[in-house]
Amino acid sequence: TGNYPQLVAQYVRRSLTKEGDILNAFLGILSRLEDVIGSHFWGLPSEEFGSALLWSTNLSFPIERRPSFPSWSWAGWIHASTVPYKSLIQDDMYMYHKFGAWYDHSSILTCYKVGDDGKIQCLEKYNAERVISMRSRVIQGKKLTIGSVLLFEEAIDKHFTPPSNDNHILNSYISTKDRSGPPLSHYVFFWTSCGTLLVDRQPKNERGDDPRVGKFAIRLQPDSIQPFLGYVRLCFEWREKQPERLELAVTTVGTHVGDP
């Protein structure tokens, strides 16, 4: 991925005379990185698009929306221009996983983008062989039965392979969609596995340098004694307005080492 994460992290802190120029002023860098990251969709690389959607930063939480850009892109938010942390931090837009490191995370999505004319284009196609190959490298040296390997492959294919009529499904949705909202080009559609899980009301950590954001544990059952599945960073104000259970979607598969 070249220096894409670091370059984005440094770029989003700059003050722009015209907020609408957020992508135009970055096109030169995106063009130079195209051989590594592929083309871009609203600033996010088409290569490993599922991983690119996981942008998150310790620099600061975005402070304001840019309504003329989609909310799932870093370009859709105005970021603080100063670093609130006293300690030295890494300038990286992907603080919680190594974007582009095959051994760490690999996109498992089939993504589609839609032009304002309604034309559908596949942005990234789910690659089962890539996912299985990554898992094989991670567990290298461990003894696995042929049965367990086949079960893993079957589960991956079952939950992440899009149906043969995927374009028809999308066309049906687009044709009935209310056009009063954001333009179609602001949407990204993907085929994946989803689940409704319990998310704690109280965060793991106390409010830190950014009092608006906390790490909330994700659980299968409403029992604090039971092991949790992981954490999600959320705005306190937003979390308070949401139900106990939230719908979560799988975007990548990978490995994890250490405290979540």
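Only heavy atoms go into these numbers, but all of them, side chains included; no hydrogens, no water, no symmetry mates.
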field: Shared hydrophobic cluster, V36 / V8 (ILVMFWY, side-chain heavy atoms < 4.5 Å)
entry: yes
Side-chain donor/acceptor of S73 to backbone N/O of W42, under 3.5 Å:
yes
Under 4.5 Å between side-chain heavy atoms, counting indirect links through other Ile/Leu/Val/Met/Phe/Trp/Tyr residues: same cluster for L229 and L246 or not? yes
* Expected output: side-chain Y231 to main-chain P203 donor-acceptor under 3.5 Å -> no
Output for pair (L170 CG, S175 OG), nearest 0.5 Å, gives 10.5 Å
What one should report as the nearest heavy-atom pair of T252 and S51 is CG2-OG, 3.5 Å
- Any donor-acceptor pair under 3.5 Å from E247 side chain to C194 backbone: no
Next on the checklist: If hydrophobic clusters are built from ILVMFWY residues whose side chains come within less than 4.5 Å, do I174 and F190 share one?
Outcome noted: no
Separation between CG (L151) and NZ (K158), nearest 0.5 Å, reads 11.5 Å
Distance col, row W74:CH2 vs L23:CG, nearest 0.5 angstrom, shows 5.0 Å
TODO: Carefully, step by step, assess L248 and V232 under the rule side-chain contact (heavy atoms from CB on, under 4.5 Å).
DONE: CA-CA 10 Å; L248 304 176; V232 59; 5.6 Å; no
Rounded to the nearest 0.5 Å, the NZ atom of K113 sits from the OG atom of S46 at a distance of 8.0 Å
Is there a donor-acceptor contact under 3.5 Å from the side chain of T110 to the main chain of Y126?
yes
Here the pair of heavy atoms bringing I120 nearest to N167 is CD1-O, 3.9 Å
Practice prompt. Please check if the side chain of H186 supplies one atom and the backbone of S68 the other of a donor-acceptor pair under 3.5 Å.
Written response: yes
message: Quick one: does any side-chain atom of R66 pair with a main-chain N or O of P70 as donor and acceptor, under 3.5 Å?
response: no
So salt bridge (Lys or Arg N to Asp or Glu O under 4.0 Å) across residues 182-201, not counting sequence neighbours, yields D200-R219, R201-E244
Closest non-hydrogen atoms of Y11 and A25, given as atom of the first, atom of the second and distance, are OH-CB, 3.2 Å
Exactly one candidate in F189, Y112, W191 meets side-chain contact (heavy atoms from CB on, under 4.5 Å) with D166; the answer is Y112
Determine the interplanar angle of the F41 and W72 rings, folded into 0 to 90°, and report it as parallel if under 30°, tilted if 30 to 60°, perpendicular if over 60°.
tilted
Is the Lys NZ or Arg CZ of R65 less than 6.0 Å from the centre of W77's six-membered ring, within 45° of the axis? yes
Closest non-hydrogen contact found for Y4 with G43 is OH-O, 2.7 Å
Here the gap from I108 atom CD1 to T192 atom OG1, rounded to the nearest 0.5 Å, amounts to 6.5 Å
- Query: Is it true that L44 and L27 fall in one hydrophobic cluster, defined by side-chain heavy atoms closer than 4.5 Å?
  - Reply: yes
One should read off an interatomic distance between F160 CZ and L109 CG, to the nearest 0.5 angstrom, of 8.5 Å
Closest non-hydrogen atoms of R245 and L198, given as atom of the first, atom of the second and distance, are NH1-N, 3.7 Å
inquiry  = Grouping I, L, V, M, F, W and Y whenever their side-chain heavy atoms are under 4.5 Å apart, do L234 and F236 come out in a common cluster?
reply    = yes
